[in-house]
Amino acid sequence: MNTNHPVSPHLQIYKMPLTGLLSITHRMTGAVVSLGALLMVLVLVSVAGGPESYAQMQQHLSAWYGQIFLLGFTFALYFHFCNGIRHLIWDVGWGFELETVRKSALITITAAVVLTLVTWLVAIL
Amino acid sequence: MDNLRTPLAGVKGLGSAKEGVSHWWGQKMTALLLVPLVLWFCFALASLPGANYESVVAWVQSPVTAVLLILTIGATFYHAQLGLQVIIEDYMPSHGARMTTIIIVNFLCLLFALIGSYAVLKIAFGT
């Protein structure tokens with residue numbers, strides 16, 4: 001069904017509420033982590049391939065694009081993980097009060113950022 | 001209740017899809033399983049003595065690690081397939097393109113789950 005009818009602007013006008021923002025971020029991080037999982041399998045393959053292929057993979061991961069990928073992947077993973085737990089809690093029926101939703105949103109963002117920072121500190125040190 | 005629907009509606013596949021709960025349930029079960037698995041994975045990687053080849057191989061060769069890795073890979077790609085399917089269904093209006101993309105994504109998830117599992121087994125049973 002192709003409906004090319006005019007649509008009134010909404011994203012350019014209304015500010016998206018925090019919960020909506022987290023919802024679409026959950027979807028986007030899900031897609032990113034799916035791609036990341038694919039690449040992580042390639043990392044595993046490089047380990048299975050022996051020390052030479054492993055060294056090559058390490059070179060790629062240590063390069064600037066590898067580091068950017070790892071940073072994006074770790075944050076996407078932790079955010080999707082924390083928000084996923086938030087979803088599982090909703091599935092049990094808890095936490096639908098508006099104030100609770102807002103608080104859990106802030107907890108999720110904080111936890112994801114903290115986990116990412118801790119991981120990278122542990123990795124660098 | 002079926003006699004309230006016109007034959008045309010039935011042929012066109014209009015109305016309730018009548019199935020989809022299994023999709024939702026599978027998504028939630030793999031999500032639940034992935035909570036401890038992802039925690040274990042991140043913690044285990046962080047606890048590796050070094051990032052060198054020997055440490056990684058020694059870690060994968062431990063039977064607990066190998067089994068948990070294969071479990072994580074399987075749960076991850078099943079969870080990913082379900083999630084990606086929902087995204088594609090939401091954003092692709094063309095029926096043909098949507099079905100093709102979902103089929104390709106299904107194949108890729110199956111393929112990479114198998115490749116990952118094979119790699120783990122190769123490392124675990126290698127010397």
Side-chain angles (χ1 to χ4, degrees), chain A residues 1-4 23-24 26-58 61-62 70 73-74 76-78 80-92 115-116 118-125, chain B residues 24-25 27-32 34-35 37-39 41-43 45-48 51-57 59-61 69-70 72-73 75-77 79-84 86-88 90-91 93-95 105 108-109 111-126:
Chain A
M1 216 173 70
N2 194 8
T3 47
N4 266 329
S23 179
I24 189 63
H26 188 72
R27 177 169 272 198
M28 289 194 298
T29 51
V32 166
V33 172
S34 299
L35 183 64
L38 197 149
L39 293 168
M40 291 304 270
V41 165
L42 294 181
V43 167
L44 256 182
V45 167
S46 78
V47 177
E52 299 85 23
S53 61
Y54 182 79
Q56 238 188 351
M57 176 272 298
Q58 263 194 321
L61 280 186
S62 313
L70 280 175
F73 177 69
T74 46
L77 180 65
Y78 287 133
H80 194 84
F81 181 83
C82 297
N83 202 232
I85 292 178
R86 190 162 161 249
H87 265 284
L88 288 174
I89 295 174
W90 285 333
D91 288 328
V92 188
L115 282 169
T116 309
V118 166
T119 305
W120 278 82
L121 280 174
V122 167
I124 293 175
L125 295 172
Chain B
W24 180 85
W25 186 255
Q27 187 69 299
K28 297 302 171 175
M29 285 301 103
T30 47
L32 200 59
L34 279 168
V35 170
L37 285 176
V38 165
L39 282 175
F41 181 72
C42 295
F43 187 74
L45 278 187
S47 317
L48 279 182
N52 59 326
Y53 177 73
E54 290 76 20
S55 312
V56 174
V57 168
W59 172 66
V60 176
Q61 284 184 333
L69 270 178
I70 295 179
T72 308
I73 290 169
T76 299
F77 280 105
H79 187 86
Q81 186 278 318
L82 292 171
L84 289 171
V86 177
I87 297 177
I88 294 164
D90 275 354
Y91 296 137
S94 153
H95 182 86
V105 164
L108 286 176
C109 286
L111 180 66
F112 276 85
L114 286 173
I115 293 176
S117 305
Y118 175 82
V120 169
L121 290 173
K122 181 157 191 276
I123 301 169
F125 292 134

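Every chain is numbered from 1, with letters handed out A, B, ... down the list of sequences. Because the structure is a prediction, the values reported are computed rather than measured.
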Query raised in the report: Are A:Leu77 and B:Cys42 close enough, and set up right, to give a side chain to side chain contact (heavy atoms under 4.5 Å, CB included), and what steps lead you there?
Result: CA-CA 10 Å; A:Leu77 180 65; B:Cys42 295; 4.1 Å; yes
Query raised in the report: Is chain A contacted by the side chain of B:Tyr118, its backbone, both, or neither, given a heavy-atom distance below 4.5 Å?
Result: neither
Query raised in the report: Would you say A:Leu44 and B:Ile123 make side-chain contact, with heavy atoms under 4.5 Å?
Result: yes
Requested in this report: Please tell me if the side chains of B:Leu39 and A:Phe81 come closer than 4.5 Å, counting only heavy atoms from C-beta onward.
Outcome: yes
Query raised in the report: Heavy-atom distance under 4.5 Å to chain A: side chain of B:Leu84, backbone, both or neither?
Result: side chain
**Report entry** Close side-chain approach of A:Leu38 to B:Cys109, heavy-atom, < 4.5 Å
**Finding:** no
Requested in this report: Check the surroundings of atom CH2 in B:Trp25: do more than 12 heavy atoms from other residues, nucleotides or ligands lie under 6.0 Å from it?
Outcome: no
Report summary line: Residues at least two apart in sequence or cross-chain that pass ring-ring contact (aromatic ring centres under 6.0 Å, His included) with B:His79, listed by chain then number, are none
Report task. Answer with side chain, backbone, both or neither: which region of A:Ala123 has an atom nearer than 4.5 Å to a non-hydrogen atom of chain B? Result -> neither
Requested in this report: Can you measure from OG1 (A:Thr119) to CZ (B:Phe43) and round to the nearest 0.5 angstrom?
Outcome: 11.5 Å
Query raised in the report: When you look at OH of B:Tyr53, are more than 12 heavy atoms from neighbouring residues, nucleotides or ligands closer to it than 6.0 Å?
Result: yes
Report summary line: chain B shares the most heavy-atom pairs under 4.5 Å, among A:Gly49, A:Gly84, A:Ala55, A:Gly50, with A:Gly50
Report summary line: Pair count under 4.5 Å, heavy atoms only, with chain B: among A:Asp91, A:Val45, A:Leu42, A:Ile85, highest is A:Asp91
Query raised in the report: When rounded to the nearest 0.5 angstrom, what distance separates OG in A:Ser34 from CD1 in B:Ile87?
Result: 6.5 Å
Requested in this report: Measure distances from B:Val86 to the heavy atoms of chain A and classify the residue's part below 4.5 Å as side chain, backbone, both or neither.
Outcome: both
Query - Toward chain B, the part of A:His26 with a non-hydrogen atom under 4.5 Å - result: neither
**Report entry** For B:Phe41, all residues meeting ring-ring contact (aromatic ring centres under 6.0 Å, His included), sequence neighbours excluded
**Finding:** none
Requested in this report: Would you mind checking which part of A:Val122 comes under 4.5 Å of any heavy atom in chain B, side chain (CB onward), backbone (N, CA, C, O), both or neither?
Outcome: side chain
Query raised in the report: With distance as the sole test, does A:Gln58 use its side chain to make a donor-acceptor pair with the main-chain N or O of B:Asn52 at under 3.5 Å?
Result: no
Query raised in the report: Is it the side chain or the backbone of B:Ala124 that comes within 4.5 Å of chain A heavy atoms, both, or neither?
Result: neither
Query raised in the report: Which answer fits B:Leu34, side chain, backbone, both or neither, if we ask what part of it has an atom under 4.5 Å from a heavy atom of chain A?
Result: backbone
Report task. Decide yes or no on side chain to side chain contact (heavy atoms under 4.5 Å, CB included) for B:Val35 and A:Leu88, but give the supporting numbers first. Result -> CA-CA 10 Å; B:Val35 170; A:Leu88 288 174; 4.2 Å; yes
Query - When B:Ala80, B:Ala51, B:Ala31 are compared by non-hydrogen pairs under 4.5 Å with chain A, the top option - result: B:Ala51
Report task. With a 4.5 angstrom heavy-atom cut-off, could you sort out which part of B:Val56 is near chain A: side chain, backbone, both or neither? Result -> side chain
Query raised in the report: Which one of B:Gln81, B:Lys28, B:Glu54 has the most heavy-atom pairs closer than 4.5 Å to chain A?
Result: B:Lys28
